[in-house]
Amino acid sequence: MIEGDDHALARALEAILFAAEVPLSLAELTRHVGERGDLVPTLRALAQSYAPRGINLVERGGRWQFQTAPDLGHHLRSNRETVKKLSRAAVETLAVIAYHEPVTRPEIEEIRGVAVSGGTIDVLMEAGWVRPAGRRETPGRPLQYATTPEFLAHFNLVSRRDLPGLADLKAAGLLDREPPRELPLPLGGREE
Amino acid sequence: MIEGDDHALARALEAILFAAEVPLSLAELTRHVGERGDLVPTLRALAQSYAPRGINLVERGGRWQFQTAPDLGHHLRSNRETVKKLSRAAVETLAVIAYHEPVTRPEIEEIRGVAVSGGTIDVLMEAGWVRPAGRRETPGRPLQYATTPEFLAHFNLVSRRDLPGLADLKAAGLLDREPPRELPLPLGGREE
Amino acid sequence: MNGTAEFDQPVRAAAPLILQLGSWEGPLDLLLTLARAQKVDLAQISILALVDQYLDFIREAKALSLELAADYLVMAAWLAYLKSLLLLPKDPEAEPDPAEMALKLQFQLQRLEAMREAGQRLLARPQLGWDMFRRPNPEGLAEERRAVYECSYFELLSAYGAITARRNKSVHVVRRRPVMALDEAMERLEHLLGRSLDWTELSRFLPNDLADESYARSVLASSFVAALELTRQGKATLSQGAAFAPILVKARHD
C-alpha cells in the first residue's frame with residue numbers, strides 16, 4: 001500500500017474511480033480531488049498495488065478505470081453476456097482505422113480494395129470505437145476517422161502504441177500510403 | 001495481500017463482487033467460484049486487506065459488496081466552478097453595504113434610490129462577500145448587513161478603511177461633476 | 001504454369017462456384033486468396049503467376065456463364081495489361097513503369113493481409129464485457145455547479161460613485177431653475193446705466209417681474225458681479241454706506 005501523504009490522495013482516487021460511471025481523465029480526477037499536483041505517480045503506484053488482485057486499475061487512452069483482471073472472465077461471464085459478432089468487413093475496417101488513423105474513407109477503400117458500405121463504419125461508431133476526427137485539409141476536405149478511448153479500453157490497450165504488431169508493420173512500411181521504393185520486387189518468371 | 005492457495009480464490013471473489021450488480025450472499029458467491037469450502041475466512045481476509053483503502057469490502061445482512069470508504073463521500077462530488085458576473089444591482093448593493101455597514105435593507109434602498117430584491121442580497125451572500133450582522137435595536141429590529149473578510153480579500157483590502165472616500169472618488173472621476181446641492185449664496189440683500 | 005492446378009483445387013472443391021465468388025470481398029481479396037495458394041511469403045510472391053491464376057479464374061467463371069461484377073473484369077483487364085508489359089523487353093521510357101505497377105500491387109496485397117491479421121489479433125485480445133468487466137451500476141459522481149462571482153474593484157467603486165452622483169443629481173434636478181448669465185446681466189446693466197446719471201440702488205436695475213425666487217437670486221448675483229466687472233472696466237462706480245447697506249451704482253463718464 002502507498003504510505004504517507006500520498007495515502008490520503010490514493011484513497012480519494014480509489015473511491016472516485018470506483019464510483020465513476022466512465023473512465024476518468026487526469027483533468028476530471030483533478031476536479032474531484034482538487035489541485036494536488038501531478039496525480040500520475042500516485043495512480044501508477046495504486047495500479048501497481050492492484051496488479052496482483054482480481055480488480056485492476058488501468059489506464060486506457062489517457063483515462064483511468066477499474067476493471068476485473070482479464071484472466072478471470074470465466075468466473076464472470078454468465079449467460080447474460082451475448083457476444084455480438086462483428087462482420088469480417090467491420091473487423092478489417094476497424095483494423096485499418098486503428099493502424100492508419102486518422103484515415104479517410106477513400107483510403108480505407110483503397111487499402112481494402114473494396115467500397116466500404118455506410119453500415120460498416122456506422123456499426124463501429126455505434127460500438128463507440130470509432131469517431132469522425134475532423135477533415136483532411138486536401139481537395140474535397142474528406143472526413144477522417146480515428147479510434148476512441150473506448151476502443152482502447154475494450155481491447156485492453158493502454159494506448160495506440162500497444163496495438164499488436166504496430167512497430168513491425170511500421171518498420172515494414174506497411175502503414176505508409178505508398179509502397180516503399182526499395183522494396184525488392186521478385187517478379188516471378190521474369191527474374192528467375 | 002493474501003498468500004498461497006487462497007490467493008486465486010480471493011482474486012476470483014474480488015472480481016465477482018466488483019462486477020456484481022447487487023450485493024452477493026455466500027450461496028451466490030459459491031455458485032460463481034464453485035465448491036471451494038468455507039468462503040468466509042477468505043472474504044474476511046480480503047475485507048481486512050481493503051480496510052485502509054478508499055474502497056472497502058463490507059458484509060451487510062449476510063451479503064458482501066464493495067463500496068467507497070464512508071469518509072470519502074465529499075470526494076465523490078466535484079465542484080465545477082462557473083464564473084458569473086455580478087448584476088449592476090448587486091454591485092451597487094455591495095458598494096452601499098461596504099461604505100455604510102452595518103446597514104439595513106431599507107437603508108440600502110434609500111441610498112440606492114431603488115428597491116433591493118432579496119435575491120440581490122442572497123447572491124452577495126452566496127458569493128461570500130456579505131453576511132447578516134445582527135439586528136438594529138430600533139422598532140421592527142431590522143436585520144443589518146456587513147461585508148466579510150472574503151470581501152476584503154477579494155478586493156485586496158486590508159480593512160474597510162482602505163476604501164477610498166468621496167473626495168478620492170471624485171478625484172478619480174468616479175463622481176459626476178455636478179455641484180453639491182447646498183452652495184451658500186452670500187448675496188443676500190434681498191433675503192436677509 | 002502449375003498455378004492453375006493449385007488454384008483449381010479450392011475453388012472446385014467448394015460446392016457451388018457462385019457462392020465462392022460471392023464470398024470474396026472484391027478482386028483484391030480474390031487476388032490475396034490466390035497469392036496465399038502460392039504458399040510463399042507475400043514478399044516473394046510471383047506476380048506473373050498470380051496474374052495467370054486470376055485470369056484463369058475469370059475465364060472459367062465466364063465459361064460457366066457466371067455473373068461477374070464489373071470490378072472483377074476491370075481488374076482482369078488491368079492485370080492482362082500488366083502481364084503484357086512485364087513480358088515485353090524492358091523499356092526504360094515506359095510510363096507507367098510496369099515494375100512499379102507490380103510493386104504497388106504487391107504492396108497492396110501485403111497491406112491487406114497485414115490489416116486482416118491485425119484485425120484477428122485485435123479480436124484475440126482480452127475484451128471488455130467478455131474477459132474484463134467494469135462495475136455494472138456505479139453510483140456516479142455528483143457534480144455541483146458552484147458559481148464564482150466576479151466583480152472588479154473598479155466596478156465596485158464606480159458603482160458607489162454612480163449612486164452618489166445619482167443622489168446629488170436627483171436633488172439638483174428638482175431645484176434646477178432659470179438663471180441670468182453674467183454676459184446678459186452686464187449688457188443689461190450697462191444699457192440701464194447709460195440712461196441714469198445719478199447714484200442709483202443696484203436693486204432698482206433688476207427686472208420687476210421676479211416671481212420666481214430662485215431666478216431672482218440668480219439675477220441679483222449676476223447683476224452684482226456685472227456691476228463689479230463694469231467698475232473694474234472703468235465704466236461704473238460703486239458705493240456702499242455701511243456693511244449690508246444698499247449698494248449704489250453710477251455710470252462713469254471720464
Side-chain angles (χ1 to χ4, degrees), chain A residues 16 18-21 23-24 28 31-32 56 58 65-73 76-77 81 83 86 88-89 91-96 98-100 110-115 153-157 163-166 169 172-175 178-181 183-190 192, chain C residues 1 24-32 40 43-52 71 75 86-87 90 98-100 102-135 137-143:
Chain A
I16 290 161
F18 179 82
E21 282 166 318
L24 298 179
E28 289 160 335
R31 208 160 67 229
H32 285 276
N56 295 161
V58 294
Q65 63 175 37
F66 278 112
Q67 63 180 28
T68 58
D71 61 319
L72 298 174
L76 308 169
R77 287 193 284 271
E81 268 72 49
V83 180
L86 275 191
R88 185 174 135 186
V91 175
E92 241 174 75
T93 303
L94 178 62
V96 170
Y99 284 78
H100 290 83
E110 210 229 301
I111 293 170
R112 296 195 54 230
V114 63
H154 184 92
F155 291 102
N156 214 27
L157 299 161
L163 285 169
L166 184 73
L169 291 176
L174 286 171
L175 301 184
E178 292 299 321
R181 289 276 169 147
L183 199 126
L185 183 62
L187 279 179
R190 185 123 172 255
E192 263 91 32
Chain C
M1 213 166 268
W24 277 294
E25 278 204 79
L28 196 63
D29 185 24
L30 172 55
L31 268 170
L32 184 57
V40 288
Q44 309 297 319
I45 196 80
S46 162
I47 292 290
L48 275 183
L50 184 61
V51 168
D52 283 340
D71 49 351
M75 177 64 96
L86 288 171
L87 291 176
K90 201 166 204 158
E100 210 165 289
L103 179 67
K104 182 150 196 277
L105 177 61
Q106 189 195 9
F107 173 74
Q108 281 182 298
L109 290 171
Q110 278 182 284
R111 188 169 59 177
L112 179 59
E113 184 171 67
M115 286 302 103
R116 226 158 245 187
E117 281 174 4
Q120 290 315 308
R121 287 168 80 175
L122 266 184
L123 289 192
R125 288 191 60 81
Q127 290 186 50
L128 210 57
W130 186 252
D131 301 288
M132 305 88 66
F133 291 81
R134 291 179 186 156
R135 287 190 68 210
N137 301 310
E139 296 77 15
L141 299 167
E143 194 163 86

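Computation of the quantities below employed the complete heavy-atom set of this structure, encompassing side-chain atoms and omitting hydrogens, waters and symmetry-equivalent molecules. Letters go in sequence order (proteins before strands), and every chain restarts at 1. Keep in mind it's a predicted model, so treat the numbers as computed, not measured.
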Next on the checklist: Donor-acceptor check, side chain of A:Thr68 to backbone of C:Met132, threshold 3.5 angstrom: yes or no?
Outcome noted: no

Item to check | Interface moiety of C:Arg111 toward chain A, non-hydrogen atoms closer than 4.5 Å | outcome: both

Can you tell which of [options] has the highest number of heavy-atom pairs within less than 4.5 Å of chain C?
| options | answer |
| --- | --- |
| A:Ile111, A:Leu175, A:Leu72, A:Asp71 | A:Ile111 |
| A:Gly165, A:Ala69, A:Ala98 | A:Gly165 |
| A:Thr93, A:Asn56, A:Val114, A:Asn156 | A:Asn156 |

Please tell me if the side chains of [X] and [Y] come closer than 4.5 Å, counting only heavy atoms from C-beta onward.
| X | Y | result |
| --- | --- | --- |
| A:Phe155 | C:Leu128 | no |
| A:Pro164 | C:Glu117 | no |
| A:Arg112 | C:Leu28 | no |
| A:Glu21 | C:Leu141 | no |
| A:Leu76 | C:Trp130 | no |

Checklist outcome for this item: d(C:Asp131 CG, A:Arg77 CZ) to nearest 0.5 Å is 5.5 Å

Checklist entry - At what distance, to the nearest 0.5 angstrom, does CG of A:Leu86 lie from CG of C:Leu122? => result 10.0 Å

Item to check | Contact summary for A:Pro70 and C:Pro126, nearest pair of heavy atoms | outcome: CB-CB, 3.9 Å

Next on the checklist: Among residues at least two apart in sequence or on other chains, which ones pass ring-ring contact (aromatic ring centres under 6.0 Å, His included) with A:Phe66?
Outcome noted: A:Tyr50

Item to check | Non-neighbouring partners of C:Arg116 that pass side-chain hydrogen bond (donor to acceptor under 3.5 Å, both in side chains), sequence neighbours left out | outcome: A:Glu92, C:Asp29

Checklist entry - Does a side-chain N-to-carboxylate-O contact under 4.0 Å join A:Glu110 and C:Lys104? => result yes

Could you look at [X] and say if it's the side chain, the backbone, both or neither that has a heavy atom under 4.5 Å from chain C?
| X | result |
| --- | --- |
| A:Leu163 | side chain |
| A:Ala115 | neither |
| A:Leu169 | side chain |
| A:Ala19 | both |

Checklist entry - Do you know which of C:Glu139, C:Arg135, C:Gln108 has the most heavy-atom pairs under 4.5 Å to chain A? => result C:Arg135

